[in-house]
There are 2 protein chains.
Amino acid sequence: MPPRPGLSKAELEIARIVWELKDAGVRQVFEALPPGRDIDFATVQTYLRRLEEKGYLNVRLEGRSRVYSPKVRPQTVIRETVGEMVDLLFGGETMPLMKHLVEERKFSSGDIEQLRELLDRLEGGSDEK
Amino acid sequence: MPPRPGLSKAELEIARIVWELKDAGVRQVFEALPPGRDIDFATVQTYLRRLEEKGYLNVRLEGRSRVYSPKVRPQTVIRETVGEMVDLLFGGETMPLMKHLVEERKFSSGDIEQLRELLDRLEGGSDEK
DNA sequence: TTGACACAATTACAAATGTAATCCTACAGT
DNA sequence: ACTGTAGGATTACATTTGTAATTGTGTCAA
């Protein structure tokens, strides 16, 4: 299954909104844009159409307007996007990315605690490399 | 300082090679491509030129050929690229990405150990959120 | 000397992307 | 009925990206 064409940045931004709204028309997506994100209504329409063409969204007609809904789960898109990034930036190795994140981004002590727990859970579990 | 235009995937691939070679002409970069990566010599030339135009590489003339060298450190590009990805995919939150990575990618027990150490080092250190 | 290469520089081009102008039409009001 | 308008569908377009065809030029073999 060759997944489907990749998402562009702008498309990803819009896809995230649809995931959140679950089911939405152009207007709703448009209004859900973060304030300050100055982008035209018609532009949002284009992104939604492309998202549908690429197979990321379902669409149905409601009266004379189109209503979009997620077709591919965020999980999936995240896996693909992150995977590609790891390939491109680190030759496919996950550890260098982990190291980068831990060292360069900020974490609260609560975050660190959570991370330890995640690691603990791994050890017991069945997911060995 | 609006960094500089972003890197495209193909450009990033080439940039990585230049980082590794430290200093290289088109031919060398071309030959350093992983076997199987079927791409034309002229295509590599184009990427190198664009990398230079965008400010990621330095270039000097050596006889009648151009020799490229890194101008921006990998660290910097990585920080920018990862940062953008976190914004796009997780609204700027690092933790969801960490969680995703820990749960979805594979780690050896050695890796896990290393990660624990990284976290330990953080706690003592001065980098609080 | 004279081509014929080997190499690298230039130029070209189609597809993807970011963004919006334009077009269509049901409806509210006169 | 007629018309301006709001909301949405279409079409358009410049830029960026992936990729390569072309073009220019020293160099060496005949």
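Protein chains get the first letters and strands the later ones, always in sequence-line order, with residue 1 at the start of each.
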* What is the distance from CZ of B:Arg37 to C1' of D:dG18, rounded to the nearest Å? -> 9 Å
* Asked: Quick check: does any side chain N or O of A:Glu84 sit under 3.5 Å from a backbone N or O of A:Thr81, one acting as donor and the other as acceptor?
  -> no
* Main-chain N/O of B:Leu89 paired to A:Arg16 side chain as donor or acceptor, under 3.5 Å -> yes
* Round to the nearest Å and state the distance from A:Glu62 atom CD to D:dG7 atom P. => 17 Å
* Provide, to the nearest angstrom, the distance between the CD atom belonging to B:Gln45 and the C1' atom belonging to C:dT11. => 12 Å
* Structure fact -> From CD of A:Glu53 across to P of C:dG18 the rounded distance in Å is 14 Å
* Asked: If you look at every strand shown and take non-hydrogen atoms under 4.0 Å, does B:Ser65 touch a base, only sugar-phosphate, or nothing?
  -> sugar-phosphate
* Assign B:Thr43 to base, sugar-phosphate, or nothing according to its heavy-atom contacts below 4.0 angstrom with the strands shown. => base
* Could you please name the option among D:dT10, C:dT19, C:dC7 that lies closest to any side-chain atom of A:Ala42? => D:dT10
* To do: For B:Arg27, report the nucleic acid contact type (base, sugar-phosphate, nothing); a contact means any heavy atom under 4.0 Å.
  => sugar-phosphate
* Structure fact -> Atom CZ of B:Arg66 and atom P of C:dA9 are separated, to the nearest Å, by 6 Å
* Asked: Looking across every strand, which nucleic acid part, if any, lies under 4.0 Å from A:Arg49 by heavy atom: base, sugar-phosphate, or nothing?
  -> base
* Asked: If you check the A:Tyr47 side chain, which of C:dG18, C:dT11, D:dT17 turns out closest?
  -> C:dG18
* To do: Take the protein atom NZ of B:Lys9 and the nucleotide atom C1' of D:dT19, then report the distance between them rounded to whole Å.
  => 15 Å
* Can you tell me the distance, in whole Å, between the CG atom of A:Leu33 and the P atom of C:dT19? => 12 Å
* Between D:dT27 (C1') and B:Arg64 (CZ): distance, integer Å -> 10 Å
* Taking the six-membered ring for Trp, are A:Phe30 and A:Phe41 parallel (under 30°), tilted (30 to 60°) or perpendicular (over 60°)? -> perpendicular
* Any donor-acceptor pair under 3.5 Å from B:Glu11 side chain to B:Ser8 backbone -> yes
